[in-house]
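Notes for the one structure printed next.
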Amino acid sequence: MAGLSEVQWNELLAFWDKYVAPSSSEHGKHILIRMFQTEKATQTLFSKFKDIPTSDLAVNADVKKHGGVVVDFLGKLLKLKGQNDSQLHTMAESHKNKHKIPLDYFQVISSVIDVYVNENLPEEYAPVRQSMKSALNQIANGLKDNYAKV
């Protein structure tokens with residue numbers, strides 16, 4: 001279970017369900033924009049967003065929609081409590097072969113998620129931050145393993 005106890009998973013999921021999931025599209029929008037600002041090359045991987053100035057992305061409905069997809073999928077992975085290899089395999093296939101996403105960008109978005117959530121929900125996130133980092137690391141490592149297979 002990615003090094004997390006059942007209690008840690010449950011605390012992380014309770015945090016996610018209460019503070020992140022209800023506003024997944026809004027959080028996701030800000031996470032994507034932050035990722036694009038942090039690592040400009042990531043924006044070029046999204047055909048819908050690659051030519052839009054980052055200053056205009058906050059009002060772009062497609063950014064908000066895609067951000068929601070990212071955050072919702074992360075929530076689904078978290079709910080699997082580390083038992084997510086088949087989902088990561090499918091994700092690796094699509095992101096490596098179809099979308100051509102370099103593997104190291106998953107570490108970039110993991111870091112962006114951690115920093116963004118910490119900045120926006122510092123008190124609520126503090127008790128589960130290490131668990132989230134562990135879960136994000138497990139996901140990134142699972143994607144790395146699956147990238148090697150597809």
Side-chain angles (χ1 to χ4, degrees), residues 1-39 42-43 45-46 48-49 54 57-150:
M1 285 198 304
L4 296 180
S5 70
E6 186 70 20
V7 170
Q8 288 171 312
W9 277 116
N10 291 338
E11 289 171 349
L12 177 56
L13 291 170
F15 161 80
W16 191 265
D17 288 343
K18 184 173 183 178
Y19 297 107
V20 180
S23 302
S24 62
S25 293
E26 191 65 23
H27 289 303
K29 171 183 78 174
H30 292 292
I31 288 166
L32 286 181
I33 293 169
R34 175 82 58 96
M35 180 178 69
F36 298 156
Q37 292 168 332
T38 302
E39 186 69 46
T42 58
Q43 188 175 348
L45 299 170
F46 295 81
K48 285 187 175 183
F49 314 138
T54 52
L57 292 172
V59 296
N60 185 293
D62 288 329
V63 172
K64 187 172 184 173
K65 182 179 177 182
H66 192 82
V69 169
V70 169
V71 170
D72 289 342
F73 189 72
L74 176 55
K76 288 177 184 176
L77 291 175
L78 294 174
K79 285 180 181 8
L80 294 171
K81 300 179 179 180
Q83 305 302 313
N84 53 20
D85 193 57
S86 66
Q87 290 79 6
L88 294 178
H89 183 82
T90 301
M91 185 177 171
E93 282 182 323
S94 67
H95 283 67
K96 180 181 179 183
N97 299 324
K98 180 181 177 188
H99 304 300
K100 309 293 185 203
I101 306 295
L103 183 59
D104 58 333
Y105 288 158
F106 293 104
Q107 196 59 47
V108 172
I109 198 167
S110 294
S111 177
V112 167
I113 290 167
D114 172 59
V115 171
Y116 168 81
V117 175
N118 187 56
E119 287 176 1
N120 288 277
L121 299 163
E123 292 177 26
E124 299 87 346
Y125 187 49
V128 299
R129 187 172 189 186
Q130 289 309 312
S131 295
M132 177 62 94
K133 285 182 170 187
S134 178
L136 290 168
N137 189 51
Q138 180 271 334
I139 291 166
N141 286 336
L143 283 168
K144 181 180 179 181
D145 293 344
N146 279 287
Y147 259 56
K149 297 175 189 174
V150 298

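Considering only heavy atoms from C-beta on, Thr54 comes within 4.5 Å of Gln43 through its side chain. Here the side chains of Leu45 and Lys100 are not in contact, with every heavy-atom distance at 4.5 Å or above. In this structure, the side chains of Leu4 and Lys81 stay at 4.5 Å or more apart for every pair of heavy atoms. Counting only heavy atoms from C-beta outward, the side chains of Leu121 and Phe15 approach each other to under 4.5 Å. Put simply, the side chain of Trp16 reaches to within 4.5 Å of the side chain of Leu74, judged on heavy atoms.
By the side chain to side chain donor-acceptor pair (under 3.5 Å) test, Asn97 pairs with no residue at all, sequence neighbours left out. Residues satisfying the salt bridge (Lys or Arg N to Asp or Glu O under 4.0 Å) criterion with Asp17, sequence neighbours excluded, are Lys79. Residues passing the side-chain contact (heavy atoms from CB on, under 4.5 Å) test with Val7 are Ser5, Glu11, sequence neighbours excluded. Residues satisfying the side-chain contact (heavy atoms from CB on, under 4.5 Å) test with Glu39, not counting sequence neighbours, are Ala41, Thr42, Tyr105, Val108. Evaluation of the side-chain contact (heavy atoms from CB on, under 4.5 Å) rule for Lys76 yields no partner, not counting sequence neighbours.
Rounded to the nearest 0.5 angstrom, Phe106 CZ and Asn141 CG are separated by 13.0 Å. Rounded to the nearest 0.5 Å, atoms CD (Glu119) and NE2 (His30) are 12.0 Å apart. Atom OG of residue Ser110 and atom CE of residue Met35 lie 10.5 Å apart, to the nearest 0.5 angstrom. Between atom CG of residue Leu136 and atom OG of residue Ser111 there is a gap of 9.5 Å, rounded to the nearest 0.5 Å. Note that CZ of Phe46 and CG of Leu57 are 11.0 Å apart. Values are rounded to the nearest 0.5 Å. In this structure, Lys144 NZ and Leu88 CG are separated by 14.5 Å, a value rounded to the nearest 0.5 Å.
Contacts classified as side-chain hydrogen bond (donor to acceptor under 3.5 Å, both in side chains) and involving residues 58-69 (residues at least two apart or in different chains) are given here: Glu26-Lys64.
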Problem set entry | side chain to side chain contact (heavy atoms under 4.5 Å, CB included) between Ile113 and Arg34, worked out | CA-CA 9 Å; Ile113 290 167; Arg34 175 82 58 96; over 6 Å; no
Exercise. Step by step, would you call Arg129 with Asp114 a side chain to side chain contact (heavy atoms under 4.5 Å, CB included)?
Worked result: CA-CA 8 Å; Arg129 187 172 189 186; Asp114 172 59; 2.8 Å; yes
For this session: Determine, step by step, whether Ile31 and Val70 satisfy the side chain to side chain contact (heavy atoms under 4.5 Å, CB included) criterion, reporting the C-alpha distance in whole Å, the side-chain angles of both residues, the deciding distance to 0.1 Å, and the verdict.
Result: CA-CA 9 Å; Ile31 288 166; Val70 169; 5.5 Å; no
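When each of Lys96, His89, His95 is tested with Glu93 by the rule side-chain contact (heavy atoms from CB on, under 4.5 Å), just one qualifies, namely His89.
For the residue pair Asn120/Tyr125, the side-chain donor-acceptor check at 3.5 Å is not satisfied. When only modelled atom types and interatomic distance are considered, His27 and Tyr116 share a side-chain donor-acceptor pair under 3.5 Å.
Closest of all the heavy-atom pairs between Ser131 and Gln8 is OG-CB, 3.7 Å. Looking at every heavy atom in both residues, Gly82 comes nearest to Trp9 through N-CZ2, 3.5 Å. Considering all non-hydrogen atoms of both residues, Leu12 and Ala135 come closest at CD2-CB, 4.0 Å.
Heavy-atom contacts from other residues, nucleotides or ligands closer than 6.0 Å to CD of Gln87 number more than 12.
Side chain of Ser24 to backbone of Val20: no donor-acceptor contact under 3.5 angstrom is found. The backbone N or O of Gly142 lies less than 3.5 Å from a partner atom in the side chain of Asn146, making a donor-acceptor pair. Within the 3.5 Å criterion, the main-chain N or O of Glu6 finds a donor-acceptor partner in the side chain of Asn10.
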